[in-house]
Every structure is written in C-alpha cells, then in structure tokens.
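Have a look at the structure below before the remarks.
When reading the values below, keep in mind they use all heavy atoms of this one structure, side chains included, and skip hydrogens, waters and symmetry mates. Lettering follows sequence order; numbering is per chain, from 1.
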Amino acid sequence: MRSTISAVLQVALPYLAFGVIWILVSDRVVNQMEAGGIIDSAASAQTVKGIVYVVLSTALVATLVLVAFRAFALQTHRLQATLEATSAGLLEADLRHGGEYGSPEILSMLGFDPNTIGDLTTFLRGRLHPDDRNALDEALSDVEDRSRVRRLRVLDAHGEWRQLHLQGGIVERDREGKPAVFRAVLLDMTEIRQLEREVRKFRKLESLGALANGVAHDFNNILGSAQGFARLVRRRTTDELTLTHLDGLDRAHRRGRELAAQIQEFGRSGPTRVERVELGKIVEDTLKLLQGSTPDTVRLEGQVDDDCPAVRANASQLQRILMNLALNGVRSMDRSGGVLRIDARPLDTDGYQAAYLRIQDTGLGMDAATLRSAFEPYFSTRGASTGIGLGLAMVNGIVEAFEGQIEVDSRVGEGTTFSITLPAFSNERPSQPEPST
Amino acid sequence: MKRVLIVEDDSQMATMLVESVTQEGWSASHAENGIEALRACESEAPDAIVMDIILPEKEGIETIIEIRGRWPKLPIVAISGGGRGVGVDYLDIAAKVGANHTLAKPFDVDDLVELLRGYLEES
C-alpha cells in the first residue's frame with residue numbers, strides 16, 4: 001500500500017510542479033516569442049501555450065512512468081533470479097479474502113508442471129505427509145514466530161517424499177489485529193538431508209571398522225604369543241602325550257587365526273570409495289582366481305550380458321563378496337562335483353536401472369532353518385574347526401552399503417543361488433523416504 | 001654373541017620373543033616403545049631388530065625411519081597385528097620406509113628365527 005502511494009506521488013508531484021512553473025513562466029515565454037516574430041497574434045499565443053503545455057507535460061509523465069516501471073521491473077527480476085538460483089518457492093495467502101499465490105518453483109521442485117495445477121495450497125495439503133499437516137496449519141496461524149523453520153514432507157511427482165523447509169508466517173494483520181496475509185519461503189532440503197544421512201552412515205561404519213580392526217589387532221598379539229609359547233614347549237619335550245596336547249593347541253590357534261582374519265576383513269569392509277564398476281571384468285577375474293582352488297569335478301561358468309550396466313560399487317569389495325559366495329558354492333560341491341555359475345544381466349524397474357548378479361551352485365543346498373540364519377553373524381554350517389560365520393554377514397553388509405539387495409534361494413540336495421541386485425551407475429542417486437522426523 | 005633387540009609393547013608377546021631368540025643362542029634385549037628402542041640402539045648396538053609397529057610412545061614407522069637414518073645397514077623385521085585405522089596396511093608402509101622384512105601377526109616363530117639367522121650370519 002505504502003509503495004503504491006509513493007509510486008503515484010513520484011509521478012504526480014513533478015507533474016504538478018511543472019504545471020505551476022508553466023503558469024508562472026508561460027506569459028513571459030509567449031511575449032518573447034512575439035517579440036522575436038515567431039508568432040504574431042494574441043489568439044495564436046493561447047494556442048501555443050496550450051500546445052507547448054500538452055507536449056512537455058506528456059513527455060514528462062511518460063519519462064517518469066518509464067523510470068518508475070524500469071525500477072520496478074529490475075526489482076521483480078532480482079527477486080525472481082533469487083528464487084530461481086536458490087530453488088526457493090514463495091507462498092502467499094490472503095487470509096481475509098481467500099486469495100493465494102505460489103511461485104512456480106514450488107511445483108517444479110516437486111516435479112510437476114506449474115501450468116497444470118490450479119489451487120496450490122489445496123494441492124500441497126493433499127500431498128503432505130499426514131504427520132506434517134499440523135505444521136502447515138500452525139504456520140498459517142502463527143503470528144508470533146516468523147523466523148521458525150518448519151519441516152514438511154511432500155509427495156513429489158515420482159511418488160517420493162521430498163523434504164521442504166517452510167519459513168515464514170503472518171506478515172500483515174487487519175485493523176482488529178487478526179491475521180491478514182501469510183507469506184513464507186519454501187526450500188527443498190531433500191538432497192541436503194540425503195547427504196546428512198550418508199555422512200551419518202559413513203561415520204557409523206567407520207567407527208565399526210575401527211573397532212573391528214582394534215579387536216583384531218589385540219587378538220593377533222594374544223594368538224601370536226600363545227602360538228610362540230607352544231612352539232617353545234614343543235622344542236623342549238619328547239613326551240608323546242604333551243605333543244598330542246600341543247597339536248590340540250595348534251588347532252585352536254588356527255581357528256583363532258581365521259576368526260581374527262575375518263574380523264579384520266570385516267573392519268576393512270567399512271567405508272570405501274564408490275565408483276563405476278564393470279561386472280564383466282570382475283566376474284572374469286573371480287573365475288580365474290577360483291580355478292586354483294577348485295577341484296576338477298567342479299565346472300566353472302560365467303556369463304555377463306553385453307547390455308548389463310556398470311554398477312555403483314567398489315571393485316575390490318565386489319570381488320571379495322563374489323569370491324566369498326563362489327568359494328562357499330565350490331565347497332558345497334567338494335564331494336559331489338557340479339557346476340558353479342556366475343552370471344549378470346540388466347534389470348529395469350520403471351526406468352530404474354540395475355544389474356542382476358547370480359551365483360549358482362549345484363551343491364548340498366540349505367534347509368529352511370539354515371537359510372533363515374544364513375546372513376547372521378557367527379552362524380556357520382561348517383564344523384567349528386573351519387567355519388567362523390562372518391562371511392555372509394560381511395557380504396550382506398557390503399551389498400547394503402552399495403544400496404543393493406541380496407537374496408538366497410536354496411534346496412537341499414539341489415544347490416543354492418545367491419541373487420544380488422546392484423543399482424546402475426547411470427541412475428540418479430536414489431532418494432529414500434525418511435521414516436519419521 | 002649376536003644381539004637381537006625386540007621392540008614390542010605387548011608383554012606376553014615380548015617375553016615369548018625374547019625367550020625364542022635366547023633359545024637360539026643369541027642374546028636378546030627388550031624395548032617397549034620407539035624411544036627406548038633408539039636408546040637401546042645407541043647403548044647396546046644390536047645386530048638385528050624385531051620391531052612392532054603400533055607402540056604407545058613413538059610409533060614403529062617413525063622409529064624405523066629414524067633408525068634407517070642413523071644405522072643404514074641394521075636389519076629390521078617389522079611385525080604387526082594390523083592397524084587400528086581403516087584401510088591402512090602398516091606393514092606395507094614399514095617396508096617402504098626401510099624394514100628389511102615384514103611379518104603379519106600371528107606369524108610362525110620358526111619363520112622369524114630363520115629370517116634372523118640369515119641376517120645374523122651375514123653380519
């Protein structure tokens with residue numbers, strides 16, 4: 001209101017001033033013109049006065065309006081540029097008359113075409129997370145705290161929750177002090193929230209990894225000294241029974257050693273760099289490595305489809321989990337022989353690209369109870385002398401860290417198939433709905 | 001008599017190593033950290049060193065660098081049970097800064113003794 005008055009005054013005052021000045025000086029100007037012979041009669045003097053007045057005042061008003069308009073356009077442009085640069089949206093509601101305005105950014109940040117949606121507040125309300133409806137209502141009636149940031153989760157065009165921050169409140173009241181105009185800025189914080197979650201996850205994994213490494217380090221010291229002392233005893237004795245007991249001690253050491261190695265492996269599987277990984281090479285390398293430790297009765301097969309996408313993972317970790325799963329398969333066919341097959345093909349779910357990786361064996365298989373516990377840490381089907389049971393837990397952890405999924409299907413006597421789905425490198429980073437705030 | 005310096009902060013491990021070295025007919029002394037190790041190098045002039053990497057005062061890596069600077073030919077066998085950090089192989093680093101050989105704990109003491117025998121017979 002105030003800005004409208006000042007804009008009108010900016011034009012009206014100079015116009016009035018010009019009128020007054022012209023009344024005062026017009027006689028003199030016309031007299032000069034008569035004296036100089038430019039005009040010749042009293043009648044045409046009046047006409048000249050009128051014409052000059054109309055021409056000059058029109059030019060003056062036009063200039064003033066133009067200057068005011070350009071200043072206004074510049075201001076609007078700056079505001080628009082700010083909104084676009086920050087991807088911020090502006091939401092305004094007239095609470096007395098029910099009108100509202102929402103800048104197009106609000107709809108574009110949600111993936112909708114701004115031209116297709118009419119009533120914005122109603123539209124937003126419909127896509128708001130049920131738990132956040134109060135937050136919007138509160139903001140619409142909050143007169144006290146305009147600086148408060150409210151978090152709203154809104155379902156976007158792709159069916160995913162986007163995290164919006166709403167900052168604002170009642171900016172104008174009517175004469176009785178009732179809320180009149182609501183104005184707020186909406187910011188899309190989804191990517192920032194996602195990054196925060198990743199940092200938290202990374203820190204958790206990092207501290208877990210450090211803990212595992214610390215435990216393994218101390219364990220290796222204890223095992224090393226025990227083993228060394230056993231060696232010292234062995235060198236001093238010829239007693240048969242003592243030597244038998246020392247053999248028992250050695251077996252215990254080997255188990256301890258394997259456990260420490262697996263804990264260390266677990267520690268190393270902490271945070272790693274995520275990179276573009278081609279599955280063809282990994283599968284080929286894994287099969288080559290396997291050849292050395294595979295009996296002749298087991299046939300190794302591999303097949304990676306040409307159109308299988310590169311995945312978002314880490315090459316050495318992926319290699320480790322493939323080796324782990326493949327070795328399990330080979331072991332289960334130790335006696336019977338069979339086929340170990342690794343294959344990979346593309347998977348497309350509603351435009352979301354992934355690679356589907358399978359490790360199949362035709363070995364012993366697992367029963368339902370074993371299958372249920374397969375991914376639990378410290379669960380092992382192998383005898384206590386060889387199996388430690390961290391392998392599959394580690395595999396699961398690594399696959400999850402790459403935002404993939406692992407499934408196992410097994411039948412006793414027929415074999416086991418592990419299926420791993422890994423997101424393709426070309427995908428946008430998948431954003432997951434936040435459970436609750 | 002050939003002298004071997006054992007640098008190890010884990011007392012059980014240290015006792016076992018000192019005992020194992022002594023049984024081979026060499027003399028053994030023990031240092032608990034890098035500072036003691038350097039002092040022992042000066043006062044006892046060992047013929048070979050068995051060096052743990054993770055030590056409470058003055059780390060093994062730092063100590064190896066310093067020993068290499070002052071005694072370029074002194075044989076060093078670095079031993080470690082793995083790092084406490086993530087994704088760092090301390091034995092790799094030890095080899096790069098001048099350890100003659102590395103052994104990951106738990107190692108076979110026979111292997112260590114054979115290594116030491118090689119170095120001590122050379123010297």
Side-chain angles (χ1 to χ4, degrees), chain A residues 202-237 246 249-274 314 316-317 320 397-398 401, chain B residues 4 6-26 28 30 32-33 50-56 59-61 77-94 102-117:
Chain A
F202 185 88
R203 290 221 176 107
K204 210 168 90 185
L205 278 171
E206 194 179 47
S207 55
L208 240 167
L211 177 72
N213 279 339
V215 170
H217 169 266
D218 292 349
F219 220 72
N220 283 335
N221 262 333
I222 296 165
L223 280 172
S225 54
Q227 208 175 350
F229 280 121
R231 174 183 168 276
L232 288 170
V233 176
R234 195 183 283 279
R235 285 167 65 98
R236 283 290 174 93
T237 186
L246 283 171
L249 202 52
D250 277 350
R251 281 196 295 278
H253 284 147
R254 272 198 296 278
R255 281 178 57 199
R257 236 167 134 143
E258 194 173 331
L259 177 59
Q262 290 212 23
I263 293 172
Q264 223 156 7
E265 182 95 337
F266 190 78
R268 269 199 293 270
S269 69
T272 37
R273 206 163 54 86
V274 171
N314 176 283
S316 61
Q317 296 226 358
R320 283 227 312 271
I398 293 177
Chain B
V4 179
I6 310 287
V7 189
E8 170 63 72
D9 63 324
D10 183 294
S11 67
Q12 273 186 338
M13 191 80 190
T15 312
M16 184 275 289
L17 288 173
V18 166
E19 191 69 25
S20 302
V21 165
T22 315
Q23 279 209 359
E24 298 300 322
W26 307 316
H30 172 222
E32 274 188 8
N33 55 52
V50 178
M51 172 80 70
D52 188 23
I53 301 296
I54 294 168
L55 297 168
E59 289 262 18
I61 302 286
V77 179
I79 56 174
S80 176
R84 281 173 195 278
V86 176
V88 187
D89 190 337
Y90 288 97
L91 288 178
D92 242 22
I93 301 171
T102 60
L103 288 173
K105 288 179 192 171
F107 51 83
D108 194 334
V109 180
D110 283 331
D111 292 345
L112 176 67
V113 167
E114 283 319 304
L115 272 173
L116 288 175
R117 199 187 308 284

Handout entry: Pairing of B:Glu19 and A:Arg235 as salt bridge, 4.0 angstrom limit
Key = no
Fill in the blank from the handout: B:Gly81 and A:Asn220 have their tightest heavy-atom pair at O-ND2, 2.9 Å
Practice task
To the nearest 0.5 angstrom, please state how far the CG atom of A:Asp218 sits from the CG atom of B:Asp10.
Solution key: 8.0 Å
Practice task
Side-chain contact test, heavy atoms from C-beta onward, threshold under 4.5 Å: evaluate it for A:Arg231 versus B:Ser20 and give yes or no.
Solution key: yes
Exercise for the section: For atom CD of B:Gln23, decide whether the heavy atoms of other residues, nucleotides or ligands shown that lie under 6.0 angstrom number more than 12. Expected result: yes
Handout entry: B:Lys105 side chain near A:Leu223 side chain, heavy-atom distance below 4.5 Å
Key = no
Problem - Residues that B:Asp111 engages under salt bridge (charged side-chain N to carboxylate O under 4.0 Å, His left out), provided they are two or more places apart - result: none
Exercise for the section: Start with the C-alpha distance between A:Gln227 and B:Val109, add both sets of side-chain angles, then the distance that settles side chain to side chain contact (heavy atoms under 4.5 Å, CB included), and finish with yes or no. Expected result: CA-CA 8 Å; A:Gln227 208 175 350; B:Val109 180; over 6 Å; no
Completion exercise
In terms of heavy-atom contacts, B:Met16 and A:Leu232 come closest through O-CD1, 4.0 Å
